[in-house]
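These notes are about the structure you will find just below.
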Amino acid sequence: MKVAAVFLALVGFASAFVPMAPKGTVSPRLFGYVPDGLTPEQYAQVQAKEKASKAANKKKAMKGSVETLTQFNARMEKKFPNQPGAGHVFVKLKGKALGDKLKPRAAN
């Protein structure tokens with residue numbers, strides 16, 4: 001009788017560590033990601049719209065470029081005739097990139 005009680009206690013204790021079977025139906029989406037709240041068809045429409053906008057964006061002119069190099073050179077030649085190299089546009093340096101070229105600030 002004691003052996004049966006110990007056996008039942010061990011079986012009850014061991015059943016706590018057995019994984020439970022999944023509840024409800026398992027989604028048939030095995031090889032794709034679909035965000036929560038969207039059906040696969042809706043997500044496909046969203047992806048198609050994003051792909052079309054990316055393709056349209058690539059067809060636009062270069063971003064951040066106001067003028068071509070030829071236009072820049074023509075403008076500099078007009079502004080500074082017969083002065084090669086005049087009107088050079090320098091890159092703004094920040095932080096420690098200037099090294100010792102910074103003048104020390106006056107003490108307040």
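No experiment lies behind these values; they were computed from the predicted model shown.
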Separation between CD of Q83 and CD of E77, rounded to the nearest 0.5 Å:
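Interatomic distance, Q83 CD to E77 CD, rounded to 0.5 Å: 9.5 Å.
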
How far does CD of E50 sit from CD of Q47, to the nearest 0.5 angstrom?
7.0 Å

Y33 versus Y43, closest heavy-atom pair with distance
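Y33 and Y43 have their closest heavy atoms at O-CE2, 3.1 Å.
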
